[in-house]
Amino acid sequence: MTQYLADAHHADLPAASADWWRDAVIYQVYPRSFADGNGDGMGDLPGIRSRLPYLKELGVDAVWLSPFYASPQADAGYDVADYRAIDPMFGTLLDADALIRDAHELGLRIIVDLVPNHSSDAHEWFKRALREGPGSALRDRYHFRPGKGENGELPPNDWESIFGGSAWTRTENPDGTPGDWYLHLFAPEQPDFNWEHPAVADEFRSILRFWLDMGVDGFRIDVAHGLVKAPGLPDIGGSDQLKLLGSDVMPFFDQDGVHEIYRAWRKILDEYPGDRIAVAEAWTPTVERTANYVRPDELHQAFNFQYLGTHWVADELRRVIDESLDAMRPVGAPATWVLSNHDVTRHATRFAGPPAGTQIREAGDRELGLRRARAATLLMLALPGSAYLYQGEELGLPDVTDLPDEVRQDPAFGRTEGQDGFRDGCRVPIPWTAQGSSYGFGAGGSWLPQPDSWAGLSVEAQTGDPDSTLELYRSALAARRAHPALGAGDAVEWLEAPEGVLAFRREGGFVCTVNTTGTAVRIPAPGRVLLAGSAVRTAGGEAELPADTAVWWTV
């Protein structure tokens, strides 16, 4: 595809596109679980393309696609064998081109996943490195090291895989003898690139241009914090290293050298018309360190994992909101807000019980979880900056916590002392219709079983029901578009409120109140109810906020 044609794609996007990303609502599509166009039980690009009008009607600004590249699927596509090819299970490059064109005609932007920390072990570079053996120049593009011990039988250092076990796997030489070890911070099928090698940097600059020429509007950078490793690959000196990720700068994560890479990428993005962007998936100890990724000459946004992990507790929410806005303000970047994604338990389940982590294995109180999830969404969409939605959350979908072990495909499942292996629960294909073998997902069933209860949560069942979660999302996104001050700016004005209640004012005569407690609370009515997660009674200048409810007011 020529640059001219790719630029033509953007002619259909809204004219006022400058800085569109600062207050955008971006919808994450997990391709294998969104819509199946060919009836093989696996979602694909034609399926996504057929559902783009739904996303337009929902009211989002952009669609982020999780990986669809050629891959053995050892980690659901995050093990990429060819960054310029579509995996046949998802379609072809022509399908990708048609999807991008249709999205732009609808005024939707397309963001694609990029996985630069590691490749698949089926990538041609890595296959050659193994085939050619010690001395192969291709080995310098990964982290191959001799082992420790008398015969090299011990890993080169004590690093642990995020998925559990050692972060090192020993190779076999072409002659059958034990060989060097290679680094993989995730699954053994995902060897880490060595970003000190210039060929790696050259390759990814080329990959960026390939997809920008195809017309994509940006990239979500997977493991953006992991590309650069500390010199010498030093030992950490202890086990249970996963528990340190939220508090310490690790020798394999959040090293300062990553920022040079992103400054080079920003120059490429700025060469293209249409305000193309890059978003960092950067797990860092603090929001202040996250802000380093979005300095004016680096990436545009970074996921706010501190917010995602915050409990449904008023004081905690207020603290993280303030810290997030304060951290982004000095670098001029928008804050981002997210409640669910493909790696964590859906928030309708996380909020269904007492405060816990982002991986919950119990279903909890469904009614409580949904009520809190609806309130959390209205809170998130009332904050300044950009918001991310995960497919199906607009339907109020809970996590599927009772999947049989034999159907699970998370590569961490069955390992010990690593990342929780229960991510399949948030990846179950979403329901479109109230009937059918897969509730409208596709004609050939679904790759993960869907609960019987999902018929009532389908798009078909909820459309037109004013009390449904889907219509609440549609109304909230329409109101946010009609009141641009909702996503604009970089601050909120906190108002006095009872314990357990959040209240803040935004520009343009807008107030948001959130009752995070389990009982109704009476407050002075700030104005006229614009939107509420549950019915609100007002009388005599006072309002009664139901338990676990958020309300938008116009003043």
Side-chain angles (χ1 to χ4, degrees), residues 14 16 19-26 58-61 304 307 310 312 314-315 317-326 328-329 333-339 371-389 394 466 469 471-498 500-516 521-546 548-555:
D19 290 349
W20 63 270
W21 44 275
R22 287 190 169 275
D23 60 356
V25 177
I26 301 172
L58 183 62
V60 300
D61 301 295
N304 190 343
Y307 185 75
T310 304
W312 186 243
D315 290 345
L317 288 163
R318 176 168 176 168
R319 174 181 56 79
V320 173
I321 290 168
D322 282 341
E323 289 177 353
S324 301
L325 294 170
D326 290 346
M328 296 299 127
R329 198 174 298 116
T336 65
W337 316 99
V338 62
L339 292 167
R371 189 168 66 245
R372 287 176 171 177
R374 289 162 59 97
T377 295
L378 291 184
L379 167 60
M380 176 179 74
L381 292 175
L383 295 171
S386 180
Y388 282 78
L389 310 180
E394 76 277 13
T469 301
E471 294 299 349
L472 177 69
Y473 269 73
R474 286 173 172 164
S475 297
L477 293 173
R480 182 178 165 107
R481 193 176 294 273
H483 297 76
L486 271 177
D490 60 9
V492 300
E493 178 190 350
W494 293 106
L495 304 175
E496 220 177 289
V501 175
L502 296 173
F504 57 87
R505 188 189 311 275
R506 302 297 318 283
E507 296 291 334
F510 175 89
V511 169
C512 178
T513 57
V514 187
N515 179 10
T516 68
V521 176
R522 297 191 68 84
I523 63 169
R528 179 177 61 86
V529 174
L530 176 63
L531 191 62
S534 303
V536 178
R537 290 184 293 180
T538 59
E542 286 197 329
E544 182 175 275
L545 302 180
D548 297 302
T549 294
V551 185
W552 289 0
W553 309 81
T554 55
V555 180

Let me confirm one number: the [atom1]-[atom2] distance from [X] to [Y], rounded to the nearest 0.5 Å.
X	Y	atom1	atom2	value
Ile523	Asn515	CD1	CG	8.5 Å
Ile26	Trp21	CD1	CH2	10.5 Å
Leu381	Trp552	CG	CH2	5.0 Å
Glu394	Arg474	CD	CZ	8.5 Å
Thr538	Trp553	OG1	CH2	6.5 Å
Asn304	Thr336	CG	OG1	5.0 Å

Are the side chain of [X] and the backbone N or O of [Y] linked by a donor-acceptor pair below 3.5 Å?
X	Y	value
Asp548	Arg371	no
Thr516	Gly500	yes
Arg506	Leu486	yes
Arg505	Glu493	no
Trp337	Ile321	no
Thr549	Leu545	no
Ser386	Ala24	yes

Once you measure the plane-to-plane angle for His483 and Phe510, does it fall in the parallel (<30°), tilted (30-60°) or perpendicular (>60°) bin?
tilted
Crowding at CZ, Arg537 (>12 non-hydrogen neighbours, <6.0 Å)
no
Does Glu507 CD have over 12 foreign heavy atoms under 6.0 Å away? no
For [X] and [Y], work out which heavy atoms get closest and say how close.
X	Y	result
Val501	Ala314	N-CB, 4.2 Å
Ala482	Pro484	O-CD, 3.3 Å
Gly489	Pro384	O-CB, 3.4 Å
Met380	Leu339	SD-CG, 3.9 Å
Pro498	Val521	CG-CG1, 3.8 Å
Arg480	Ala387	NH2-N, 4.5 Å

State, with a plain yes or no, whether a side-chain heavy atom of [X] is found less than 4.5 Å away from one of [Y].
X	Y	answer
Tyr388	Val25	no
Leu389	Val338	no
Phe504	Thr513	no
Leu58	Leu477	yes
Pro334	Arg22	yes
Cys512	Leu378	no

Checklist entry - Between Arg319 and Asp322, is the closest basic N to carboxylate O distance under 4.0 Å? => result no
Open item on the list: Could you check whether Asp315 pairs with Arg318 (Lys NZ or Arg NE/NH1/NH2 to Asp/Glu carboxylate O, under 4.0 Å)?
Closed with: no
Kindly determine whether Asp61 and Arg481 satisfy salt bridge (Lys or Arg N to Asp or Glu O under 4.0 Å), including the steps that lead there.
-> CA-CA 10 Å; Asp61 301 295; Arg481 193 176 294 273; 3.1 Å; yes
Notebook entry, point to check: Should Leu325 and Leu383 be marked as a side chain to side chain contact (heavy atoms under 4.5 Å, CB included) after you check the CA-CA gap, both sets of side-chain angles, and the distance that decides it?
Noted result: CA-CA 10 Å; Leu325 294 170; Leu383 295 171; 5.7 Å; no
**Q.** Derivation of the side-chain hydrogen bond (donor to acceptor under 3.5 Å, both in side chains) call for Tyr307 and Ser324
**A.** CA-CA 8 Å; Tyr307 185 75; Ser324 301; over 6 Å; no
- Criterion side chain to side chain contact (heavy atoms under 4.5 Å, CB included) on Val551 and Val529, from CA distance to verdict: CA-CA 7 Å; Val551 185; Val529 174; 4.1 Å; yes
